[in-house]
Amino acid sequence: MDKQQIQEFIAKRVALELKDGDLVNLGIGLPTLVANFVPEGRKVLFQSENGFIGLGPAPEADQVDPCIANAGAMPATIVPGGSFFDSAMSFGIIRGGHVDATVLGALQVAENGDIANYMVPGKMVPGMGGAMDLLNGAKKVIVAMEHTAKGNPKLLKECTLPLTAVNAVDLIVTEMGVIEVTAKGFVLIERNPDYTLEQIIAATGADLIISMNLKPMVVS
Amino acid sequence: MEKIISLEEAVNLVRDGDTIMVGGFLAVGTPEHLIDALIAKGVKDLTLICNDTGFIDRGVGKMVVAKMFKKIFTSHVGTNKETGRQMMEGETEVVLVPQGTLIEQIRAGGFGLGGVLTKTGLGTLVEEGKQIVEIDGEPYLLEKPMRANIALLFAEKTDLSGNLTFHGATRNFNTYMGAAADISIVEAGEVVPVGEMCPDEVVVPGVFVNYIVDGGAL
């Protein structure tokens, strides 16, 4: 798989986690792709932290409204039944536990659910934006990311980068498999048949418990 | 009191060293005319409170490029390389604040609250130097209120009393910053006479707006 295929594969698998009626917040980048793959028949509403529920697909070029953009400043639309609101309302929705799931990228995830995804000191300091609030407030936190960065594991015993939140991650979806974060640590619950267990274990920087019910990671 | 003022009168209210709040989210809902006029006037040593630092050519990012800030409180600088450069090279102090915390600190500053308690930031660099308060056995971070000398806001429409309405995703920080500043100035896309706006459609009551610049006339 090339980079784009890997990202689509991960996004398709994440989309299967979303349930009918869920309110979901997608992070920038790979997580944004998830909206394209929501299984038919499931009505999922997307929240955009800049102030609306009902984030729709990008508009045609001649339909762009400069006042309607997603949280990454890309032109967006709002679906029928959607609503606009200010940032206090938006983060009340997020912090108050009214978002069913959030999908975010990560630089590192630790086996206790700690996550680092907002800065590399001295190199890249974009800021946390709404990520700290989402990680604390969303009912379910799904990390969508490639399993390694330049061959280095991103799933670790402990994060070495500054944390965005502690004990926050519930599920990790990578091109290699689906990993649950449990009280016992990382549990591999699905394996992409393109990779062997040995390859996945070697690419993981912490103990990886293999689920008794390990399933193949399949997307349509 | 007459609230309509010219762009020139508006920027003359901002003085060197002031703390300013600016509405907008990645330059959506930002008062661009006020920003351009401030850059033309050339105020300096400002402290900025804003959701993000926009882009080098849009929103408050243009003021970053013009080196008008000595300190910035914001949740995100990743879309503006110049903010990153100034931060890394120590030219501008940047305090990163979680977005939901930033809006609540502003709300607290405007609404007479001594601060807010939030779990956001616990166990991270954000908690450094802050008080942790236990409520019914649960830890929370105490985040103090924020206020400013001036708030620069954008609204789709205002009446001459300063009652504001909005379009799309432009409300963001514009609805609360006026309350948290000594002087608030709104750049409105349209200004209508008193009585022409249905009270039901008002999102921000005019009590929070001191001055209006008619952006539609610029």
Side-chain angles (χ1 to χ4, degrees), chain A residues 28 48-53 55 65-78 82-97 112 114-116 118-119 121-137 159 161-168, chain B residues 23-29 51-55 58-59 72 74-81 83-84 87-88 94-104 106-108 111 116 118-127 154 156 166-177 189 203-204:
Chain A
I28 305 302
S48 195
E49 65 262 31
N50 55 326
F52 55 119
I53 283 175
L55 178 66
D65 179 337
C67 292
I68 305 178
N70 66 18
M74 300 305 288
T77 53
I78 184 163
S83 54
F84 290 116
F85 36 77
D86 63 39
S87 295
M89 178 76 80
S90 189
F91 281 86
I93 290 167
I94 289 169
R95 241 187 353 254
N112 68 344
D114 288 358
I115 176 171
Y118 85 103
M119 69 183 284
K123 285 187 182 162
M124 179 198 73
V125 188
M128 68 291 278
M132 285 191 178
D133 299 283
L134 280 161
L135 287 163
N136 276 283
C159 295
L161 295 169
L163 297 181
T164 318
V166 296
N167 274 323
Chain B
F25 189 115
L26 291 178
V28 175
N51 176 63
D52 53 79
T53 58
F55 304 90
R58 261 194 297 159
I72 298 174
T74 187
S75 76
H76 199 263
V77 300
T79 54
N80 189 329
K81 283 197 166 70
T83 316
M87 176 170 55
M88 295 295 183
V94 176
V95 181
L96 291 169
V97 184
Q99 207 166 104
T101 298
L102 188 63
I103 186 65
E104 284 301 309
I106 294 165
R107 194 180 63 87
F111 284 11
V116 291
T118 178
K119 286 192 170 291
T120 302
L122 280 175
T124 76
L125 294 174
V126 170
E127 77 171 30
F154 176 83
E156 172 84 351
F166 296 86
H167 167 63
T170 60
R171 295 183 192 197
N172 50 68
F173 283 64
N174 284 303
T175 52
Y176 287 104
M177 284 178 162
V203 175
V204 175

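We name chains A, B, ... by the order of the sequence lines, and we start the count at 1 in each one. Computed from a predicted model, the values in this text were never measured in an experiment. The basis for the numbers below is simple: all heavy atoms, side chains too, and nothing from hydrogens, waters or symmetry mates.
The shortest non-hydrogen separation linking Ile68(A) to Gly168(B) is CG1-CA, 4.1 Å. Of all heavy-atom pairs between Ala88(A) and Ile103(B), the closest is N-CG1, 3.6 Å. Across Ala69(A) and Ala169(B), no two heavy atoms sit closer than the pair O-CB, 4.4 Å.
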Step-by-step side chain to side chain contact (heavy atoms under 4.5 Å, CB included) determination, Phe85(A) to Asn172(B): CA-CA 7 Å; Phe85(A) 36 77; Asn172(B) 50 68; over 6 Å; no
Verdict with reasoning, Ile94(A) to Gln99(B), per side chain to side chain contact (heavy atoms under 4.5 Å, CB included): CA-CA 11 Å; Ile94(A) 289 169; Gln99(B) 207 166 104; over 6 Å; no
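Interatomic distance, Leu122(B) CG to Asn167(A) CG, rounded to the nearest 0.5 Å: 11.5 Å. A distance of 12.5 Å separates CZ of Arg171(B) from CG of Asn50(A), quoted to the nearest 0.5 Å.
Legend: side-chain hydrogen bond (donor to acceptor under 3.5 Å, both in side chains) pairs involving residues 84-97 of chain A, not counting sequence neighbours, sorted by first then second residue: Gln47(A)-Ser90(A), Asp86(A)-Thr175(B).
With a 4.5 angstrom heavy-atom cutoff, Phe55(B) touches chain A only via side-chain atoms. Residue Leu102(B) does not touch chain A at all, counting heavy-atom pairs closer than 4.5 Å. For a residue to count as touching a neighbouring chain, one of its non-hydrogen atoms must lie under 4.5 Å from one of that chain's; by this rule Val97(B) touches chain A with the backbone only. Using a 4.5 Å cut-off between heavy atoms, Leu26(B) touches chain A through backbone and side chain atoms alike. At a 4.5 Å heavy-atom cutoff, the contact between Ala165(A) and chain B is made by backbone atoms alone. No part of Ser48(A) comes within reach of chain B, as not one of its non-hydrogen atoms sits under 4.5 angstrom from that chain. Heavy atoms closer than 4.5 Å to chain B are found in both the backbone and the side chain of Phe84(A). Of the two parts of Thr101(B), the backbone and the side chain both hold a non-hydrogen atom closer than 4.5 Å to a non-hydrogen atom of chain A. If you measure heavy-atom distances from Tyr176(B) to chain A, the contacts under 4.5 Å come from the side chain alone.
Among Arg107(B), Lys119(B), Arg58(B), the residue with the largest count of heavy-atom pairs under 4.5 Å with chain A is Lys119(B). Contact count versus chain A (heavy atoms, under 4.5 Å) is highest, among Pro98(B), Gly84(B), Gly78(B), for Pro98(B). In terms of heavy-atom pairs under 4.5 angstrom with chain B, the leader among Ala73(A), Pro66(A), Ala76(A) is Ala73(A).
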Check residues 121-136 of chain A and write down every donor-acceptor pair under 3.5 Å in which the side-chain atom is one partner and the other belongs to a residue at least two apart or another chain.
from      : atom 1 : to        : atom 2 : distance (Å)
Asp133(A) : OD1    : Thr120(B) : OG1    : 2.9
Asp133(A) : OD2    : Gly100(B) : N      : 2.9
Asn136(A) : ND2    : Met132(A) : O      : 2.8

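For the pair Thr118(B)/Phe91(A), no side-chain contact is recorded, criterion being any heavy-atom separation below 4.5 Å from C-beta on.
Heavy-atom contacts from other residues, nucleotides or ligands closer than 6.0 Å to CE of Met74(A) number 12 or fewer.
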